[in-house]
Amino acid sequence: MPQLIPQVNTAFTERFSTPELTIFSPGRMNFIGEHTDYNLGFVLPASIDKGIAVAVAASKDGKTSIYSVDKDELLEVDITQPLKRSDIGWANYVLGVVDQLQKAGAQLSNFNCVFGGNIPIGSGLSSSAALENGIGFALNELFGLGLDRMKLLHLSQLAEHEFVGVKCGIMDQFSSMMGKKDQAMKLDCRSLDYGFYPVDFGDYQIVLLNSNVEHNLASSEYNVRRSQCEEGIEVMQRKFPGIKSLRDVEMHMLNTCKDELTEVVYRRCKYIIEENQRLNDFVAALEQKDFTQCGQILFTAHEAMRTEYEITCPEIDVLVDLAKQQPGILGSRMMGGGFGGCTLNLVHKTNMDAFVEVMTREYKTKTGIALSAYRIAVGDGVHRVNQ
Ligand code: GLA
């Protein structure tokens, strides 16, 4: 991201004065494990080298001014007064974090902030967590609040629950905050234990293909999926009082309760139990450098998201079906919350250029939409950058 930081710093200087500090907050990709986080299962994300830059300084004019470079929109608010939800979409991510910091007891004064990003919004790369974490991290530094990364990432998640209205899991905020260069993170979303695995697919590379179908999780079925899982748990607890989340459920237990569950809830629960298993199988295959097996698991995971969890969309299914037919492809699946966004593809390096070219052409022919391809690298979690 050579230009992002100077661009945000320059915009800050033009509007206010010199920023006191600038933060880079990454988006994330996820190799496997979708919708498993709020079911307290496992995820395998990585922080990426694209994200959001946030420049801040204390304000001396009694108001907080926040400017989005990408939207060319300015929000002015006095944060020492009670905060209200805004009609400006991005503002709620920022205000939500300010609100959570204050609820956690932080003494904040008004501040000036400019932010901009190089991850497309609604593309499944978690621009929202990047923004939340960037704001939280920046204000923590600016006001010397002394909060650690774990506390900050939880505040980001709460901001999304309460101000934005998406009952998201912990994966996005966690990986953006705790990520490490060139490493994927296996996170246990119940204990929050995590470990790193080198992102090394030998002769194969990851490429993300953006369907350019934008999702909006707040108005999508995301929260519906979450409540369907909760419904499944409630029913199964009658037979298995010890279970607290789908993490505790095995297939034979689910099958014992099949008659008491609606057909839809049964399918949702089955997907989650099997997705956790797929993740463990993927990690084992990665450790053995069995990339063919990794790829097969990606294809299977996509099919399960399409038919059992029902979170894909026609354009994304076109992308995966097209990818399957290309030389050098090992696997492909939709990534992130669903209903649009990107697919993750594991492709042989020698086939990569042709792959991107053919996919772009065929996708346009079939859907009329232009495709964007990102060859993404894995970077560090949220950090301060030089101005
Ligand atoms: C969104 C949410 C995450 C997670 C993914 C799906 O990105 O923010 O918590 O549930 O969807 O895996």
Side-chain angles (χ1 to χ4, degrees), residues 25-48 50-52 92-93 96-97 119-133 153-179 184-190 192 194 208 210 213-230 245-247 268 271-276 278-279 282 298 301-302 304-306 308-313 316 333-344:
S25 181
R28 62 100 189 94
M29 60 178 162
N30 185 26
F31 293 98
I32 192 147
E34 299 299 2
H35 289 252
T36 43
D37 58 355
Y38 55 80
N39 287 299
L40 305 188
F42 296 95
V43 289
L44 193 68
S47 45
I48 59 177
K50 290 185 189 297
I52 293 203
N92 291 317
Y93 296 95
V97 172
I119 33 177
I121 289 168
S123 60
L125 300 177
S126 208
S127 52
S128 40
L131 179 55
E132 291 151 3
N133 279 351
L153 71 90
H154 276 114
L155 294 184
S156 291
Q157 186 196 24
L158 279 175
E160 186 137 348
H161 285 192
E162 292 183 11
F163 240 83
V164 181
V166 179
K167 299 282 181 208
C168 62
I170 197 69
M171 167 168 74
D172 304 350
Q173 292 80 8
F174 204 100
S175 48
S176 161
M177 191 65 87
M178 303 296 213
M185 167 195 288
K186 182 183 173 188
L187 172 66
D188 178 335
C189 299
R190 182 165 63 188
L192 297 186
Y194 61 105
L208 305 181
N210 187 353
V213 175
E214 253 190 50
H215 67 197
N216 175 356
L217 292 184
S219 60
S220 76
E221 292 252 309
Y222 185 93
N223 290 345
V224 176
R225 292 296 173 279
R226 191 168 179 149
S227 45
Q228 287 166 334
C229 292
E230 284 160 5
S245 68
L246 286 179
R247 164 69 175 278
R268 304 296 190 246
Y271 164 83
I272 296 294
I273 296 167
E274 292 182 344
E275 182 75 350
N276 278 315
R278 277 189 288 270
L279 185 143
F282 187 95
L298 296 179
H302 184 80
M305 287 191 283
R306 192 174 73 81
E308 289 177 348
Y309 219 59
E310 295 180 287
I311 48 171
T312 68
C313 65
I316 283 281
R333 70 167 193 89
M334 186 190 69
M335 201 181 71
F339 312 103
C342 289
T343 61
L344 175 142

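Note that the numbering runs from 1 along the sequence shown for the chain. Both counts, for ligands and for their atoms, begin at 1 and track the order of listing.
Here R333 contributes atom CZ and I32 contributes atom CD1; the two are 5.5 Å apart, rounded to the nearest 0.5 Å. For the atom pair SG of C342 and CE of M335, the computed distance is 5.5 Å after rounding to the nearest 0.5 Å. N30 contributes atom CG, which lies 10.0 Å from atom OG of S126 (distance to the nearest 0.5 angstrom).
At a cut-off of 3.5 Å, with distance as the only test, a side-chain donor of N133 or S156 sits close to an acceptor on the other residue.
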For L246 and R268, what are the C-alpha separation, side-chain angles and deciding distance, and is it a side chain to side chain contact (heavy atoms under 4.5 Å, CB included)?
CA-CA 10 Å; L246 286 179; R268 304 296 190 246; over 6 Å; no
List the steps, then state whether salt bridge (charged side-chain N to carboxylate O under 4.0 Å, His left out) holds for R225 with E310.
CA-CA 9 Å; R225 292 296 173 279; E310 295 180 287; 5.3 Å; no
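Of the N or O atoms in T36, none lie within a sub-3.5 Å distance of an N or O in ligand 1. Considering backbone and side-chain atoms together, D37 places an N or O closer than 3.5 Å to an N or O of ligand 1. Residue-to-ligand polar distances keep E160 apart from ligand 1: every N/O pair is separated by 3.5 Å or more. Checking only distances, G169 does come within under 3.5 Å of ligand 1, N or O to N or O. Geometrically, ligand 1 and Y38 share no nitrogen or oxygen pair separated by less than 3.5 Å.
Near Y222, the atoms of ligand 1 lying under 4.0 angstrom from a non-hydrogen atom of the residue are 1 (C), 2 (C), 3 (C), 4 (C), 9 (O), 10 (O), 11 (O). For ligand 1 and E34, the ligand atoms under 4.0 Å from any heavy atom of the residue are 6 (C), 12 (O). Using a 4.0 Å cut-off to heavy atoms of M171, the atoms of ligand 1 that qualify are 4 (C), 5 (C), 12 (O). Residue R28 approaches ligand 1 through these ligand atoms, each under 4.0 Å from one of its heavy atoms: 7 (O). Remark: ligand 1 atoms within the under-4.0 Å shell around heavy atoms of H35 are 6 (C), 12 (O). Near D172, the atoms of ligand 1 lying under 4.0 angstrom from a non-hydrogen atom of the residue are 1 (C), 2 (C), 3 (C), 7 (O), 8 (O). Atoms of ligand 1 found under 4.0 Å from any heavy atom of C168 (numbered from 1 in listed order, with element): 2 (C), 8 (O), 9 (O).
A donor-acceptor pair is defined here as one N or O able to donate and one able to accept, closer than 3.5 Å; no such pair exists between the side chain of Q173 and the backbone of H154. N92 places no side-chain N or O within 3.5 Å of a backbone atom of V164 that could act as its donor or acceptor partner. Using modelled atom types, no side-chain atom of E160 and backbone atom of Y93 make a donor-acceptor pair closer than 3.5 Å.
The proximity of Q157 to ligand 1, defined as any non-hydrogen pair under 4.0 Å, does not occur for either the backbone or the side chain.
Under a 4.0 angstrom heavy-atom cut-off, R225 registers as lying outside contact with ligand 1. Residue contact annotation: S126 has no non-hydrogen atom under 4.0 Å from ligand 1.
By the 30° and 60° cut-offs, the orientation of the rings of Y222 relative to H35 is tilted.
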